[in-house]
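Structure record follows, encoded as C-alpha cells.
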Amino acid sequence: MHIFITLLSVLFLSLISCTANAAPDDEVLTEVQFRENPKVLARSINNEIPSLPRFTSLNQFTEFSKRHLLSAPELMRNLQLSARLKMDLYDKSKDRYIVANGLIEQLEQISISDFDKSYLLMLKGRYVGRSQQDFSSAIDYYQQAISLIEQSNKSPDRVLLYTLHENVSVMHMILREPDTALIHLQKLSAVAKEIDNDYLIAHAESVLGKFFYKQNQIGKSLSHYNAAIKRSLGDKNSSQNAHIELQLSRVYRDLESWDEALASASSAAESFTRLGNDNYVSSAMTVIAMVYANQEQWYQAVDYYLNAQQIERRLGNEIGLALNLHNLGEVYFKIGDTKNSLSNLKQANTIFSARNSEHYLVYNDLLIAEVSASIGNWQDVAEYATKAEKIAESKQLLNEQSEALERHAKAQEQLGKFEQAYNSMLKLNGIRAQAEPSSDEFDLKQSKIKEQKLDLKLSKIEKQLQQKSNQLNIAHLISLICVFILCLLLLLLIKQWRLKNKAKLLNDTLQQTQLLEPFTQQANYLSFKFDYDKANHSQIKTLALVSLSDQINSDLTQGYECNANMNKQQLLAIQNSLSCKSYIIRPGVFLLSFDSNIEANHLLTKLREILEQNHGQTSLHMGILHLPLLADPAIKLSAAQHFASLQMMLSAAKTLGSNQDYFVTMKTLNFASAGIFSKPLYLNIEKSIVRGIVKVETNGNKDDILWPRWKSHQNIDLNDDKVAI
C-alpha cells in the first residue's frame, strides 16, 4: 500500500512539474490565443467589458475603470486587444473598421507609456492598411512604433515588437520590396528566439518559409518550413499547423508534387473549416484549384475556384475576390472560353486598380495581354503590356518586365510599329542577360531543393513519431495510474471483505450469545423460542417448567459464579439423563422439552433422583404440559403462549407447599377454543378452569391451589358471566 501511494505521489509531482515548466508568460499566452482562438479571446474581453466605453479624456477613462472595478492597465490592454481583434480576418461585421477607428480615437486620449503609444501606432497602421490598402502609410506608422520600443527588454514590449516586425515584413512583401521584408523577418526570428517560445519561433520560421517561397527560393523555403514543423506543437496549435499545411501545399504545388499538395491543402481546408476561418478556407480551395489546373484538370479547378469565390463574396473581401476572378480568367482561357476569361480578368483589373494594388495588377495586365493576343486584339495587348511593363519596372520585377516587353514588341509588330517593336526587343535582351542564372547556379539550386524536400519529409516523420511517442507515454502513464487505482480498489475490496467477514462473525457470535444465559452459558428462554419456531410443532410432546424452589435465591446467598456452576451441572445432568432439550430461565428455574409424552409423576421422580446426586437439597415444583393443548390441529399456539401457561402451572404448584415435590398440569376439553390462551392469559385460563373447560391435575390437593391473579384483574369475580374469555 505504501509503495502505491509513493508511486502516485511521484507521478503527481511529475505532472505538476511538467505543467509548471510549460506555463508561458501572460503576454505570450495572450498573443498565442489571439492567433489561435481570436473568437474565444474576444468573448473573454466582452465578458469583462459588456459594452465598449465612450470617453474623450484620461479622467473619464479612470472613472470608467473604477466604475467597472477594473484596473486601468487591464482595461487599457482589453481596449487595445478589442481594436486589434476588430481588424482581424475572423471578424466579419460590416462596421468592424468603424468600431476599430472609434477605439483608436479613444486610445489616443489615454496612451502615455512608450508601449501604449507604440501599440496605438500599430493600430493606426493596421487600420489604414486593412481598410484603405494604403500600405505605404501603414509602414510609416509601424516604423514609428518600432522605434519606440526597439531597445526595451520588457516582455510585453518584445512580444509587441515581434508582431510589428511580422506585419511590416508582410506589407513589404506585398509591395514587392523583398530586401526590406527580409530584414524585418530576420529581426522577427531574432525576437522570437529571445522570447524563447516554440509557438512564436515556429511562426517566424513559417513566415520566412513563405518569404523565400515568394522569391522562388524553394530550397530555403523548405528549410524554414522544416524548422517550423520541428517547433510546432501538433494538435495543441491547430491554427498554426493549418497555416503551415496551407503554405506547404503551395510549395508542393510548385514542385509538382501533386499528391502531397492536395493532401496538405485538404488538411488545411478541414482545419480552417473547424476553426470557422473562412478566409483561409477560401485560400486552401484556391490552392486545390491551382493543383488541378496545373494538371490540366480544368473543370475540377473551376469548381474549386467558384467555391472559393462564393466565400470571398460572402465575406466582402474584394482583394480575395479579385484574385479569384484573375484565377478563373486564367482557367477559362485554358479551356478556350476567351469571352468569360476577359470578363473575369477585367473585373479583377477594376478592383486592383481601385485598390491601387499594383503588386497584383501587374500579373492581371499580363494575362489580359496574353488572352487578347490569342484573339488578335493587338491594341489591347499593347495597352495592357505597356501598363504591366511600367509596374514591373518600378517594382524591379525582371521576369514580369521581360514578359511585358515581349508581348508589347509582338503587338507593335502586328500594328506595323516596327521601330517601337525593335526598341522593346533591345530592352528585353538587356533584361534577359541580367536575369538569366548560370547553369551551375541552377543545378545547385535544384540540388538544394531536393535536399530540403527530403529534410522536410524526414522532419514530418520525426514529428509524427514524436507525437506517437508522446501519446504512448501518456497512455503508459494513464495505464500506470489505472493499475494503481485498480490495485488500490482491490486492497479496499479485500479490506471491505475482511471487515464484512469480521462483522458477520461478530454478528453470528452476538446472535449465539443472545441465545445463552449470561452466567451459565446455557440455552435460555430466547433459545427455546428459536428452537420452537424452527422445529415442527408435532415433534414437541411434553414441556416442563421446573423450579428448584429452595435454590431460587442461591445466586445471592453463594454468589453468581458458584451458583452458575451448580445450575450448569444440574442442567447438564438432567439433559444427559432424560435425553431432552434443556433451557435455563433464571437461577433455579429450568425449562425441559421432550419429543415424547412423559407422565408427570414419573418425570418428577426422575428429576428428584438426578438432583439427589447434583446438589439436590431443595424442594421441587413443576408445571407440565402435554402437547397439543387444543384438539383442533389447525390451531397453532406460540412458544410464548406455551411458556406463559407453564408459568401459571408452576405458580400453582408452588402454592401447594414444600413438604414434598409437587407438579400441576392441565388439559383442555375437545371443544376448547384458542381464546383460552389469548391475553390476559392467566385470567382466561382461570376462568376456563372455573367453567370446567380446562381440567387441572396435580399430585397435591387441588383445593389448596391458589391461582395467581394479575393486579389488573385481582378483584374480578370469576363467576361473573360478563367476564369474557
Side-chain angles (χ1 to χ4, degrees), residues 525 528 540-553 574 582-594 597-608 611 618-630 637-669 672-720 723 725:
Y525 171 67
F528 162 69
I540 301 174
K541 299 297 185 181
T542 305
L543 289 173
L545 188 61
V546 180
S547 172
L548 284 62
S549 300
D550 295 339
Q551 297 178 1
I552 292 295
N553 295 318
I574 293 170
S582 59
Y583 309 90
I584 184 166
I585 305 305
R586 57 190 174 93
V589 179
F590 306 147
L591 174 63
L592 307 178
S593 173
F594 299 89
N597 286 311
I598 305 294
E599 196 270 327
N601 274 313
H602 174 70
L603 178 58
L604 195 60
T605 302
K606 293 293 292 182
L607 287 171
R608 170 55 65 185
L611 290 173
T618 179
S619 59
L620 291 178
H621 296 91
M622 181 176 71
I624 184 170
L625 296 174
H626 294 95
L627 277 58
L629 291 177
L630 297 173
L637 298 179
S638 67
Q641 289 172 310
H642 284 101
F643 183 77
S645 301
L646 280 169
Q647 282 183 309
M648 187 172 181
M649 296 301 104
L650 177 59
S651 175
K654 291 183 73 173
T655 63
L656 294 174
S658 35
N659 58 324
Q660 69 174 57
D661 298 335
Y662 290 103
F663 74 86
V664 175
T665 184
M666 68 174 181
K667 61 180 180 179
T668 61
L669 299 180
S673 68
I676 295 172
F677 301 98
S678 61
K679 295 178 182 180
L681 185 139
Y682 276 26
L683 175 62
N684 288 331
I685 290 177
E686 192 172 354
K687 184 74 173 177
S688 298
I689 291 171
V690 172
R691 293 183 175 183
I693 299 174
V694 173
K695 300 297 182 180
V696 175
E697 294 181 2
T698 180
N699 62 343
N701 188 350
K702 290 182 185 180
D703 296 333
D704 293 338
I705 294 174
L706 298 175
W707 294 103
R709 293 190 180 184
W710 293 348
K711 288 182 180 181
S712 60
H713 69 277
Q714 61 185 0
N715 297 319
I716 295 176
D717 184 1
L718 296 176
N719 294 311
D720 187 356
V723 178
I725 296 177

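Start at 1 with the first residue, then count along the sequence.
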Minimum-distance pair of heavy atoms, taken over all atoms of L548 and F590: CD1-CE1, 3.8 Å
Roughly how far apart are N597 CG and H602 NE2, rounded to 0.5 Å? 12.5 Å
Residues I552 and S547: closest non-hydrogen pair is CD1-OG, 3.6 Å
To the nearest 0.5 Å, tell me how far L683 CG sits from S688 OG. 9.0 Å
Side chains of T698 and T665: closer than 4.5 Å at any heavy-atom pair? no
Any side-chain heavy atom of F528 sitting closer than 4.5 Å to one from L543? yes
Got V664 and M666 here, is their nearest side-chain heavy-atom distance under 4.5 Å? no
Can you find a heavy atom in the side chain of L592 that is under 4.5 Å from one in the side chain of L607? yes
State, to 0.1 Å, how close I598 and T542 come at their nearest heavy-atom pair, and which atoms those are. N-OG1, 3.2 Å
Side-chain donor/acceptor of K667 to backbone N/O of H626, under 3.5 Å: no
Below 3.5 Å, can you tabulate the donor-acceptor pairs from side chains in residues 642-649 to any protein atom, sequence neighbours excluded?
| from | atom 1 | to | atom 2 | distance (Å) |
| --- | --- | --- | --- | --- |
| H642 | ND1 | Y532 | OH | 3.2 |
| H642 | ND1 | S638 | O | 2.9 |
| S645 | OG | Q641 | O | 2.8 |

Is D704 reaching over with its side chain to a backbone N or O of L656, donor-acceptor style, under 3.5 angstrom? no
Reported CZ-to-CG distance for the pair R586 and L591, which is rounded to 0.5 angstrom: 13.0 Å
Can you name the closest pair of heavy atoms from I676 and N684 and give their distance? O-CB, 3.1 Å
Considering all heavy atoms, the nearest L669-G692 contact: CD1-O, 3.3 Å
Nearest 0.5 Å, please: how far is OH in Y662 from CD1 in I705? 10.5 Å
So how far is it from T668 OG1 to K695 NZ, rounded to the nearest 0.5 Å? 11.5 Å
What one should report as the nearest heavy-atom pair of L625 and L629 is CD2-CD2, 3.9 Å
Could you walk me through whether L603 and F663 pass the side-chain contact (heavy atoms from CB on, under 4.5 Å) check? CA-CA 10 Å; L603 178 58; F663 74 86; over 6 Å; no
Are a donor atom and an acceptor atom from the side chains of S549 and H621 found within less than 3.5 Å of each other? yes
Would you check, one step at a time, whether the test side-chain contact (heavy atoms from CB on, under 4.5 Å) holds for W707 with V696? CA-CA 11 Å; W707 294 103; V696 175; 3.7 Å; yes
Sorted by chain and number, sequence neighbours left out, side-chain hydrogen bond (donor to acceptor under 3.5 Å, both in side chains) with R608 holds for E612, D661
For the CG atom of L637 and the OG atom of S678, what is their distance to the nearest 0.5 Å? 10.5 Å
